[in-house]
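Basis for what follows: all heavy atoms, side chains included, without hydrogens, waters or symmetry-related copies. What you see is a predicted model, and the numbers here were worked out from it, not measured in a lab.
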Amino acid sequence: GTAGAFLHWTSAFFPGLEFTTRSPHTHYYRHHVHDPLEITWVMSGTAHVAYRDRHWDLACGSGFLVAPREPHAGGARHGLPISFVTLHLPAELLPAIAACRGLDLARLPVVATRAAVRPLLDSLADRMQQATSAGEQIEALADMLAGYLVSDTGTTLMPAPDEAGHPAVHQIRRMLDDAYEQ
């Protein structure tokens, strides 16, 4: 595609389950949040990530997991081009994925980085595209996530307190949604 373009693959079985590919660019994304769990793999260059008051430089082939609704920032470091692939994994799929491989995701760890996890992406992408059922996609996701979480490299941060369920958070989110245009 065109330099700096986004390319997408979306699951035929699960709305919101998708891969986003960003070709080489020099953009840095300010702090933001996403509702799905996200795993981003660095495909070229070195990415910089700011998350929970810490900073990392991720080499090509490394990955970064962000739990749902966790603020983070990242992108190109010092204007040098990077490219990446991000898996957007809707939070509502996590229980089925966990049950498939016996993963305990009740308190999903906040995983900062994992080195050399590119093979997990390559295997997952092939299996997701070849899957002929929702069950096959769940199995592929469970295998990848299990491999990602047990990787012996990288940094795992303690989970944040679950404040997302607090009534004040729901009220603020409703207010922001209602006044989004303003």
Query raised in the report: What's the spacing between Phe84 CZ and Arg22 CZ if we round to 0.5 Å?
Result: 6.0 Å
Report task. Consider only side-chain N and O atoms of Gln137 and Ser133, and report whether a donor and an acceptor are under 3.5 Å apart. Result -> no
Report task. For residues Glu139 and Ile97, determine if any side-chain heavy atom of one lies less than 4.5 Å from a side-chain heavy atom of the other. Result -> no
Query raised in the report: Do Leu103 and Leu141 belong together in a cluster built from hydrophobic side chains that touch within less than 4.5 Å?
Result: yes
Query raised in the report: Is there side-chain contact between Leu17 and Met128, with heavy atoms separated by less than 4.5 Å?
Result: yes
Report task. Check the angle between the aromatic planes of His32 and His34 and answer parallel, tilted or perpendicular using the 30° and 60° thresholds. Result -> perpendicular
Query raised in the report: Which atom pair, heavy atoms only, marks the closest approach of Ala91 to Asp35?
Result: CB-O, 4.3 Å
Query raised in the report: So, Glu38 and His88: side-chain donor and acceptor under 3.5 Å apart, yes or no?
Result: yes
Report task. Please check if any side-chain donor atom of Ser83 sits under 3.5 Å from a side-chain acceptor atom of His25, or the reverse. Result -> no
**Report entry** Verdict with supporting geometry, Leu80 and Thr26, side-chain contact (heavy atoms from CB on, under 4.5 Å)
**Finding:** CA-CA 6 Å; Leu80 299 174; Thr26 58; over 6 Å; no
Query raised in the report: Is the backbone of Ala59 close enough, under 3.5 Å, to the side chain of Ser62 for a donor and an acceptor to pair up by distance?
Result: yes
Report task. Could you go through the side-chain contact (heavy atoms from CB on, under 4.5 Å) check for Thr46 and His48 one step at a time? Result -> CA-CA 7 Å; Thr46 300; His48 177 77; over 6 Å; no
Query - Cluster link Trp9 to Leu121, ILVMFWY, side chain under 4.5 Å - result: yes
Report summary line: Rounding to 0.5 Å, atoms CD1 (Ile82) and SG (Cys60) come to a distance of 10.5 Å
Query raised in the report: Is there a side-chain contact between Tyr28 and His78 (heavy atoms, below 4.5 Å)?
Result: no
Query raised in the report: How about Ile39 and Leu145: do any of their side-chain heavy atoms sit closer than 4.5 Å?
Result: yes
Query raised in the report: According to a 4.5 Å side-chain heavy-atom criterion applied to Ile, Leu, Val, Met, Phe, Trp and Tyr, with indirect links allowed, do Leu89 and Leu149 form part of one hydrophobic cluster?
Result: yes
Query raised in the report: Hey, are the side chains of Val66 and Val33 touching, using non-hydrogen atoms and a 4.5 Å cut-off?
Result: no
Query - Arg114 side chain vs Tyr148 backbone, donor-acceptor pair below 3.5 Å - result: yes
Requested in this report: Assign the ring pair Trp56 / Tyr51 to parallel, tilted or perpendicular, where the plane angle (0 to 90°) is split at 30° and 60°.
Outcome: tilted
Query raised in the report: Is there a side-chain contact between Leu87 and Met144, using heavy atoms and a 4.5 Å cut-off?
Result: yes
Requested in this report: May I ask you to decide if the ring planes of His72 and Phe64 are parallel, tilted or perpendicular, using 30° and 60° as cut-offs?
Outcome: tilted
Report task. Check the hydrophobic clustering (I, L, V, M, F, W, Y; side-chain heavy atoms under 4.5 Å; chains of links allowed) and say if Phe13 and Leu37 are grouped together. Result -> yes
Requested in this report: Look at the rings of Trp41 and Phe19 and say which category their plane angle falls in: under 30° parallel, 30 to 60° tilted, over 60° perpendicular.
Outcome: tilted
